[in-house]
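Working notes, structure below.
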Amino acid sequence: MYSEKVMDHFSNPRNVGELEAPSGIGTVGNAKCGDIMRIYLDIDENQRIRDCKFKTFGCGAAVATSSMATELVKGKTVKEAMEVTNKAVMEALDGLPPVKVHCSLLAEEAIHAALWDYAEKNGITIDGLEKPKSDIHEEEEEEEY
Amino acid sequence: MKKIIYLDNAATTKTAPEVVEAMLPYFTEYYGNPSSVYELASMSKKAVTESREQIAEALGAKSNEIYFTAGGSEADNWAIKEAAEAYKDKGKHIITSKIEHHAVLHTCEALEKKGYEVTYVDSDEKGIVDLEKLKKAIRKDTILITIMFANNEIGTIQPIKEIGALAKEHGILFHTDAVQAFGHIPFLVDDYHIDMLSASGHKLKGPKGIGFLYIRKGIKIRSLIHGGGQERARRAGTENVPGIVGLGKAVKMAFTKMKENTAKEKELRDYLIDRVLKEIPYTRLNGDGIKRLPNNVNFSFQFIEGESLLIMLDMEGICASSGSACTSGSLDPSHVLLAIGLPHEIAHGSLRLTLSEENTKKEIDFTVDTLKGIVEKLRSMSPLYEDFMKRG
């Protein structure tokens with residue numbers, strides 16, 4: 001079902017974990033759909049991403065896209081990181097099954113959410129960056145179990 | 001291929017070697033069409049008759065009440081659609097439950113589009129259909145009650161005897177999807193007032209592509225396939241003779257060894273449940289502790305997602321299944337787990353292990369040990385677990 005690259009990033013995910021004092025954190029997705037991604041960014045004074053970590057609740061593709069997305073943005077400037085699209089993540093993984101394409105979208109959103117958090121904290125604007133759509137906590141409150 | 005620990009017997013079973021052996025001559029030697037007149041064909045005809053008798057005996061039915069089909073889904077479709085059609089002058093209301101197999105649920109939905117009304121009765125939080133609610137759902141125009149004998153995901157055994165009695169009392173047709181129960185738990189159709197029953201060969205070590213529908217004599221039902229006179233002209237088409245022979249053999253074996261197999265499975269099942277609940281925190285057992293198929297285990301592991309779990313188990317050679325959305329191709333997790341009231345994220349983290357008597361304690365120990373490591377690894381990656389731990 002999955003490409004070798006997806007399986008590799010799933011079984012040996014890169015950059016799993018948390019950062020102690022992150023410059024930005026982004027969490028997207030919701031438990032209802034079965035995918036939540038959280039990305040931590042450590043960004044230096046030259047707006048370069050020094051380090052990046054992730055935590056993901058989700059399927060094999062969700063874990064692999066998170067892992068690949070962190071690999072792709074690490075070492076890049078904020079501006080360059082904005083160019084890491086879901087398509088780029090998918091291509092880097094040699095493709096995803098059609099039902100899993102939304103996982104790569106989530107990875108892109110998670111990066112953007114973390115960048116948004118960083119921009120807000122530092123009072124800067126990043127070209128092309130919009131306020132993240134989904135926040136799991138908002139959705140959780142709406143949910144009645 | 002690496003060594004496999006097969007714990008997905010509710011999905012399908014390994015065909016028993018004795019079954020394969022019984023089937024083989026009907027491909028190579030006795031290949032005649034049972035409808036033909038020459039002697040070669042009489043061997044095929046005899047084999048079909050014997051298999052039919054075998055199944056009828058197991059159910060306490062008559063052999064002319066057994067109709068071979070291509071499997072359980074076909075039998076469900078036939079029973080529901082064609083009985084609904086035959087009884088539509090009496091009424092157009094059908095009662096089923098929210099935890100049925102999709103072969104029943106989607107068939108009922110298809111009938112709704114044709115103007116039938118369907119009541120989907122709730123189950124309790126253990127996954128047992130609510131008898132009181134079922135009783136209340138009965139109307140003057142109710143023509144059919146269809147409730148599964150045992151649930152395929154969480155293994156709950158339904159109060160079929162009570163439902164059968166209720167249906168009989170009200171003069172309503174009663175169908176049960178017994179795909180998971182037949183050959184695994186003992187029952188007779190008369191004791192349970194069952195009018196129609198679906199079963200499948202490959203869930204009891206028989207071949208795939210063969211099953212049957214039991215139709216009580218006197219029940220009105222339209223033919224499923226028009227053509228020749230096979231299956232009393234109700235399901236035309238040349239018989240799947242090797243499949244029918246294999247099914248007969250599998251049924252014979254299952255019923256001969258039922259007591260013995262059940263005892264072994266229950267022991268392994270309870271050992272597995274015990275170890276997992278003791279050794280893996282934030283885990284719940286889905287379904288009922290007692291009214292449960294002897295080989296079914298279904299857990300929810302909080303903070304993790306089922307597909308990831310399945311892939312990691314597969315890497316260790318363990319075959320299992322999950323009610324996670326990602327295994328179904330939709331965004332919603334199992335309708336059964338949602339029907340018993342599990343929140344979505346708990347339903348996503350479910351794992352079904354279904355045993356056979358061939359599994360060993362050693363395999364179960366390896367599975368639990370492996371599972372512990374995987375659950376721990378996935379939780380260490382889970383933002384839900386992180387939040388939970390930080391909240392304290």
Side-chain angles (χ1 to χ4, degrees), chain A residues 1-2 6-19 22 25-40 53-67 70 96-103 106 110 113-114 135-137 139-140 142-145, chain B residues 125 282 284 300-316 321-335 337-351 370 373-391:
Chain A
M1 167 163 111
Y2 289 132
V6 173
M7 286 305 284
D8 175 36
H9 275 262
F10 172 69
S11 19
N12 305 296
R14 321 323 189 233
N15 311 309
V16 179
E18 305 162 42
L19 290 176
I25 306 180
T27 305
V28 296
N30 69 69
K32 203 178 162 188
C33 301
D35 293 302
I36 296 174
M37 280 184 202
R38 179 170 295 162
I39 299 257
Y40 299 82
K53 297 271 184 205
F54 84 88
K55 283 208 174 174
T56 289
F57 161 87
C59 62
V63 172
T65 51
S66 318
S67 167
T70 56
L96 286 172
V99 293
K100 304 289 187 181
V101 172
H102 72 276
C103 294
L106 214 57
D135 182 297
I136 54 161
H137 300 294
E139 298 222 4
E140 260 177 2
E142 285 169 19
E143 212 59 52
E144 273 181 40
Y145 291 133
Chain B
E125 76 288 350
Y282 313 117
R284 61 165 273 159
S300 278
F301 300 103
Q302 260 184 283
F303 319 117
I304 64 171
E305 194 276 335
E307 192 211 73
S308 294
L309 187 57
L310 291 188
I311 300 173
M312 287 190 173
L313 284 170
D314 182 39
M315 287 172 180
E316 301 298 327
S321 84
S322 168
S324 136
C326 281
T327 57
S328 69
S330 77
L331 281 181
D332 283 323
S334 144
H335 66 282
L337 297 177
L338 295 182
I340 62 170
L342 292 196
H344 277 73
E345 71 267 28
I346 309 279
H348 281 297
S350 77
L351 177 73
T370 308
I374 294 174
V375 170
E376 207 171 300
K377 182 178 175 185
L378 288 173
R379 280 183 180 160
S380 76
M381 290 167 55
S382 166
L384 292 175
Y385 188 61
E386 182 189 318
D387 291 349
F388 175 78
M389 293 312 276
K390 280 181 183 161
R391 254 183 264 139

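We name chains A, B, ... by the order of the sequence lines, and we start the count at 1 in each one. What you see below is based on every heavy atom in this structure, not just the backbone, and it leaves out hydrogens, waters and symmetry mates.
Taking CD1 of B:I304 as the start and OG1 of A:T56 as the end, the distance is 14.0 Å to the nearest 0.5 Å. The distance from atom CZ of A:F10 to atom CE of B:M315, rounded to the nearest 0.5 Å, is 5.5 Å. Rounded to the nearest 0.5 angstrom, A:I36 CD1 and B:H348 NE2 are separated by 9.5 Å.
No donor-acceptor pair closer than 3.5 Å links the side chain of B:E305 to the backbone N or O of A:F57.
With a threshold of 4.5 angstrom between heavy atoms, A:A61 approaches chain B through N, CA, C or O but not through any side-chain atom. There is no contact between A:S66 and chain B, counting heavy-atom distances below 4.5 Å. Only the side chain of A:P13 comes within contact range of chain B, with at least one heavy atom under 4.5 Å from a heavy atom of that chain. Using a 4.5 Å cut-off between heavy atoms, B:F303 touches chain A through its backbone atoms (N, CA, C, O) alone.
Comparing B:L378, B:L309, B:I311 by how many heavy-atom pairs each has under 4.5 Å with chain A, the most go to B:I311.
Shown here for A:K55 and B:S382, the closest heavy-atom pair between the two residues is CD-O, 4.0 Å. In terms of heavy atoms, B:S308 sits closest to A:G60 at OG-N, 3.6 Å.
When the shell of 6.0 Å around CD of A:E18 is examined, it contains more than 12 heavy atoms from other residues, nucleotides or ligands.
The shortest distance between side-chain heavy atoms of B:H344 and A:N30 does not fall below 4.5 Å.
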